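Atoms within each ligand, like the ligands themselves, are counted from 1 in listed order. Quantities reported herein were computed from a predicted structural model and do not represent experimental measurements.
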Amino acid sequence: MPALPAIQEIPEMRAWSDRVRRSGKRIVMVPTMGFLHDGHLSLVRAGRQHGDCLVASIFANPTQFAPSEDFDSYPRDLERDVRLLAAEGVDLLFNPTAADMYPRGYQTYVDVEEVSRPLCGAHRPGHFRGVATVVLKLFNIVRPHVALFGLKDYQQVQVIRRMLLDLNLDVEIVACPTVREPDGVAMSSRNRYLGAAERAAAACLERALSKAQTLVRGGETRAANVRDAVVAEIRRQPLARIEYADLCDPDDLEPVSEIRGPTLLALCAWVGKARLIDNRILGVGQP
Ligand code: AMP
């Protein structure tokens, strides 16, 4: 098993990054919260094509969890994560401590206003403020040329893109497709919370997305009708409870009522203790 160099200290990470940049190499970064699965590893694999030095970070970021949320119980297994990253040939793991990332007296946050508001932002106040803040901090420390994110967290990608534009950050973002289990369930560290019956029930999200796509391909253009069908599909599954099912513009996430071009269908449902999200771009001619 190849060893995986790891850095925990912020100054050491900056020095590593400075050295690599000075040697003319491109740094590719994959930020994660750990408890890795094939979704994360797909980003790592794709990352190879975008530069010379591949850095993965593992940091369960406390500021993106509300006090009532699952920060304390969020699954962690650093030893296993290190093995997986080493097997993928990652060059460096950066895993800072929360005490170093948010030392006493910490008080600066990034608020990406409008695109953070709908969907998950409406149900998890402060979540995207935590996400934007930690991503900016990680970028300032690791100083990547390119960073990869998963489209499973579609709104997160849009929030980060907007932040980079607005704050003139010179990092290229690559968004990668959602990796799914054989039954269509999007891979997620939180799937760990699901019991066997709940795990089977979780497939209702993807079924609802597929149903919507079929309707739209069949000519349905009214967002309300598509939404009704999606809600009905999820309600057939008694273990699932919908948090939101919204159709919106894929760029600014504004709600749409008529489907005239590519349209984002974003879903969130609770199954047991797991809050699951999934999405698909609907639209004529879309795969
Ligand atoms: P997380 O550890 O949940 O913060 O995720 C780290 C990165 O992996 C984020 O960019 C996620 O969007 C991405 N990711 C998580 N699950 C998947 C998946 N099933 N497919 C593709 N990317 C994913």
Please list the nearest protein heavy atom to [atom] with its residue and the distance rounded to 0.1 Å.
atom	result
atom 10 (O) of ligand 1	G150 N, 2.9 Å
atom 5 (O) of ligand 1	H40 NE2, 3.4 Å
atom 14 (N) of ligand 1	D153 OD2, 4.2 Å
atom 3 (O) of ligand 1	Y74 OH, 3.8 Å
atom 20 (N) of ligand 1	V179 N, 2.8 Å
atom 4 (O) of ligand 1	M33 CG, 3.5 Å

Interfacing atoms of ligand 1 (cut-off 4.0 Å, heavy-atom, [X]):
X	answer
P177	20 (N), 21 (C)
P31	6 (C), 7 (C)
M187	16 (N), 17 (C), 18 (C), 19 (N)
H37	15 (C), 16 (N), 17 (C)
L43	7 (C), 8 (O), 10 (O), 13 (C)
F149	10 (O)

- request: Determine whether the side chain, the backbone, both or neither of C176 has a heavy atom under 4.0 Å from any heavy atom of ligand 1.
  value: neither

Identify the two heavy atoms, one from [X] and one from [Y], that lie closest to each other, and give their separation to 0.1 Å.
X	Y	value
K152	M187	CD-O, 3.5 Å
A201	Q237	CB-CD, 3.3 Å
Q64	E69	O-OE1, 3.9 Å

query: On the ring face of Y244, is R227 found with NZ or CZ under 6.0 Å from the centre and within 45° of the axis?
result: no

query: Is the charged tip of K137 near the ring of F59: under 6.0 Å from the six-membered ring centre and within 45° of its axis?
result: no

statement: Which of D251, D246, L253 passes side-chain contact (heavy atoms from CB on, under 4.5 Å) with L264? It is L253

message: In terms of relative ring orientation, are Y74 and F65 parallel, tilted or perpendicular, with 30° and 60° separating the classes?
response: perpendicular

- prompt: Does ligand 1 have an atom under 4.0 Å from some heavy atom of R180?
  reply: no

task: Using a strict 4.0 Å threshold on nitrogen-to-oxygen distance, state whether D18 and R143 make a salt bridge.
output: yes

query: Is N191 reaching over with its side chain to a backbone N or O of A186, donor-acceptor style, under 3.5 angstrom?
result: yes

field: Any N or O of S188 closer than 3.5 Å to N or O of ligand 1
entry: no

- line: Check: of R190, K152, Q156, min heavy-atom distance to atom 9 (C) of ligand 1 comes from Q156

query: Using a distance-only test with no angle check, is there a side-chain donor-acceptor pair under 3.5 angstrom linking Y109 and T63?
result: no

